[in-house]
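Here's the structure we're looking at; comments come further down.
The sequence lines fix the lettering, A, B, ..., with proteins before strands; numbering per chain opens at 1.
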Protein chains: 2
Amino acid sequence: MGGSEIRRTMPLFPIGIVMQLADLSARQIRYYEEHELIAPARTEGNRRLFSLNDIDRLLEIKDLLEQGINMAGIKKILAVSQKEPAERDTVAKKPELTDDELRTLLKKEMLSPGKISRSSLRAGDLSRFFR
Amino acid sequence: MGGSEIRRTMPLFPIGIVMQLADLSARQIRYYEEHELIAPARTEGNRRLFSLNDIDRLLEIKDLLEQGINMAGIKKILAVSQKEPAERDTVAKKPELTDDELRTLLKKEMLSPGKISRSSLRAGDLSRFFR
DNA sequence: ATTTTGATGTAAGAAAACCTAACATGTTAT
DNA sequence: ATAACATGTTAGGTTTTCTTACATCAAAAT
C-alpha cells in the first residue's frame, strides 16, 4: 500500500469541471453513479466532488460504453479492474451477472468492430493532465 | 518552453477547494487577488477557477506573509520569481516600489526570526498532492 | 411492426456555493 | 492617538448543482 496513493483519491473537482475534462454531460455522469459505476464524494452541502481516480474511471466507462457494453457489463468489468492484484484471483465472488451473461457480453465485445483487447484499462489516464 | 506546462495552468479548482488545500479563507484569497498577487481564471458565470500554479502561488504568498512582508513587497518578489530565467535579468522595469523601499523590505525579512533565505520559491509545491 | 429497454436530453424548483460591497475588528507602525 | 494593513463578518444577489420527473431516440426483443 503505497501511501502517496491517497492523493489520487482526494475529492477535488466539482461536476462542471469533470464535464469538461471527461467530455460528458452532467446527466451521463449522474446516470453512471445511479448505476453504481462511480461513487464520488460529497460536500457537506451534498455537491459531488470527484477525485482524479474518479475521472479516470469516467474515461474508462466512456470507453467501454463506446464499445457497446452496458451498465451491468461495465460494472462487472470495473469491479475486476478495481481489485488489488493480490485479491484479483482470489476474490471471484458475488457475480451480479451469471457467467453465462458475462460470456455473452465479452463475446459481443470481441465481435465489435475496431479496438479489440485494448480495453486494457488506463484507457484515458488523467495523469496526462498534470506535471 | 516545455509544452506540458500548459496543464499546470489549467483552471480547475473552485475557491472552496482552494481554501482547504492552501488553508486560507475566501477573504484572504480575494484580498490577494484584489492586490494583484494572483489572477485566477473565471467561469462564464464569474466564479473563480484556480490552476495548480495559482495554488502554488497562494502557498508562496502565505509563506511570505508569515515572514512579515506586505502586499507590495510580495507582489514585487513574485513578479521576479515569475519571469523565465532568460528574461529575469533583462527585464528590471517598472518597479512600483522604489529600490529604497525594496531594500527596506528585504532588510526586514533578513532580520525576521527563524527561516532566513528559505523563501527560495517552491515554498509549498502543490505537486506533493499528486501522484 | 409494435413494444421494451437503455442511455441521454430537458425542465422545474430548491438549496449550496460563490460573488461584490460595505462595515467591523485587531495589530502594527507612525 | 491615529493611520495603515490584513482579515472577519454580514447582506443581498447570481451561478452552479441537486433531485425528480417526463421526453426522446436508437437498438433489442417480442
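Across the protein-nucleic acid pair, A:Ile15 atom CD1 and C:dA16 atom P stand 17 Å apart, rounded to whole Å. Atom CD in B:Gln28 sits about 17 Å away from atom P in D:dC5, given to the nearest Å. We find that CZ of B:Phe50 is positioned 11 Å from C1' of C:dC18, with the value rounded to whole Å. Separating the CD1 atom of A:Ile17 from the C1' atom of C:dC18 is a distance of 14 Å, rounded to the nearest angstrom. Rounded to an integer number of Å, the gap from A:Leu49 CG to D:dT16 P is 16 Å. Atom pair B:Arg27:CZ and D:dA11:C1' shows a separation of 14 Å (rounding to whole Å applied). Regarding A:Asn46, its CG atom lies at a distance of 16 Å from the C1' atom of C:dG13, rounded to whole Å. Between the CD atom of A:Glu34 and the C1' atom of D:dT19 there is a distance of 10 Å, given to the nearest Å.
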Verify side chain to side chain contact (heavy atoms under 4.5 Å, CB included) between B:Gln28 and B:Leu58, making sure each step is shown before the conclusion. CA-CA 10 Å; B:Gln28 289 175 302; B:Leu58 283 173; over 6 Å; no
Please step through salt bridge (Lys or Arg N to Asp or Glu O under 4.0 Å) for the pair B:Glu33 and B:Arg42, ending with a clear verdict. CA-CA 12 Å; B:Glu33 180 182 19; B:Arg42 299 278 183 144; 3.3 Å; yes
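Residue B:Tyr32 places at least one side-chain N or O under 4.0 Å from the OP1 or OP2 atom of D:dT7. Side-chain N/O atoms of A:Thr43 include none lying less than 4.0 angstrom from OP1 or OP2 on C:dA16.
Among the nucleotides D:dT17, C:dA7, D:dA6, the one closest to the side chain of B:Tyr31 is D:dA6. Comparing D:dG13, D:dC18, C:dT8 by their closest approach to the side chain of A:Arg42 singles out D:dC18. For A:Arg30, whose side chain is taken as the heavy atoms from C-beta onward, the closest listed nucleotide among D:dC18, C:dC18, D:dG8 is D:dC18.
Note that the CD1 atom of A:Ile69 and the NZ atom of A:Lys75 stand 15.5 Å from one another [nearest 0.5 Å]. Rounding to the nearest 0.5 angstrom, the gap separating the CD1 atom in B:Ile15 from the CZ atom in B:Phe50 is 4.5 Å.
Between the base of D:dT14 and the side chain of B:Arg47 there is a donor-acceptor pair shorter than 3.5 Å.
Contact between B:Pro11 and A:Ile17 at its shortest, heavy atoms only, is O-CD1, 4.0 Å.
B:Arg48 comes within 4.0 angstrom of the backbone, heavy atoms only, and of no base.
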